> 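If you scroll down you'll find the structure; I have some questions about it.
The model shown is predicted, which means the values in this text are computed figures rather than measured ones.
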Amino acid sequence: MSMVPSIQAATLWGGLLILLLVLSSVVVSRRRRHLIEFGDGGNPEMTPAVRAFGNAAEYIPAGMCGLILLAFVGAPPLLIHGVGGVLFAGRIIHALGLLFQKGPSLGRVTGMVLTWLALLVAAVSLIAWSVI
């Protein structure tokens, strides 16, 4: 089956971003290890895992909407790959910064900057397409 290149680009990044939501498995495994049924149970080891997943769940849907809309308006695949790649990298780097570094970290800051950059480029591009 042949797809429009813009849609194909969006589907690639959409699939990869959905895979990042597997971060929930880190939360589940830590809950099992510490016998916590819900939330973080007051255990400080749970907080980074819960926030790594929570941040992904908060930002990935907005990014995917941007990718889908860019594909819908026929944005160039290179733009969609750029936005998707930067968003994907930002989400991975942010999660690693939360999971493997204590307190404020370069990973968290870098991940958020990349995430915001991807969302900003998607938003500005969509606004530009709407007035053209």
> Do the ring planes of His81 and Trp13 sit parallel (below 30°), tilted (30 to 60°) or perpendicular (above 60°)?
perpendicular

> Do Leu87 and Thr115 make a side-chain contact, defined as non-hydrogen atoms from C-beta onward lying under 4.5 Å apart?
yes

> Not counting sequence neighbours, which residues clear salt bridge (Lys or Arg N to Asp or Glu O under 4.0 Å) with Glu58? List them please.
Arg51

> Can you tell me how far CZ of Phe72 sits from OG of Ser6, rounded to the nearest 0.5 angstrom?
12.0 Å

> Do you reckon Ile93 sits in the same ILVMFWY cluster as Met112, going by side-chain contacts under 4.5 Å, direct or chained?
no

> Please report the closest heavy-atom contact between Pro77 and Ala9, naming both atoms and the distance.
O-CB, 4.1 Å

> Between Thr11 and Gln8 (side chain of the first, backbone of the second, donor and acceptor by atom type, cut-off under 3.5 Å), is there such a pair?
yes

> Side chains of Arg31 and Asn43: does their closest heavy-atom pair fall under 4.5 Å?
no

> Give me the atom names and distance for the closest heavy-atom approach of Pro48 to Pro44.
CD-O, 3.3 Å

> With the side chain counted from C-beta on, respond yes when Leu114 and His94 share a heavy-atom pair under 4.5 Å apart, and no when they do not.
no

> Side-chain heavy atoms nearer than 4.5 Å, only ILVMFWY residues, links allowed to pass through others: does that put Phe88 and Leu12 together?
yes

> So Leu79 and Val121, do their side chains get closer than 4.5 Å, heavy atoms only?
yes

> When clusters are formed by joining ILVMFWY residues with side-chain heavy atoms under 4.5 Å apart, either directly or through shared neighbours, do Val50 and Phe100 land in the same one?
yes

> Roughly how far, to the nearest 0.5 Å, is CG of Leu20 from OH of Tyr59?
15.0 Å

> What distance do Arg91 atom CZ and Leu96 atom CG have between them, rounded to the nearest 0.5 Å?
11.0 Å

> How long is the straight-line distance from CD1 of Ile92 back to OG1 of Thr110, given to the nearest 0.5 Å?
14.0 Å

> Taking a hydrophobic cluster as the set of Ile, Leu, Val, Met, Phe, Trp and Tyr residues connected by side-chain heavy atoms closer than 4.5 Å, whether directly or through intermediates, do Leu78 and Val83 fall within one such cluster?
no

> What's the shortest heavy-atom distance between Trp129 and Pro76, and which atoms?
CH2-CD, 3.5 Å

> Phe53 and Ile36: same hydrophobic cluster, using ILVMFWY side-chain contacts below 4.5 Å?
yes

> Can you tell me how far the CD atom of Glu45 sits from the NE2 atom of His34, to the nearest 0.5 Å?
3.5 Å

> Determine the minimum heavy-atom distance between Gly66 and Ala122, stating which atoms define it.
CA-CB, 4.5 Å

> If I take atom OG from residue Ser105 and atom CG from residue Leu99, how far apart are they, to the nearest 0.5 angstrom?
10.0 Å

> What pair of heavy atoms forms the shortest contact from Pro61 to Ala56, and how long is it?
CD-O, 3.9 Å

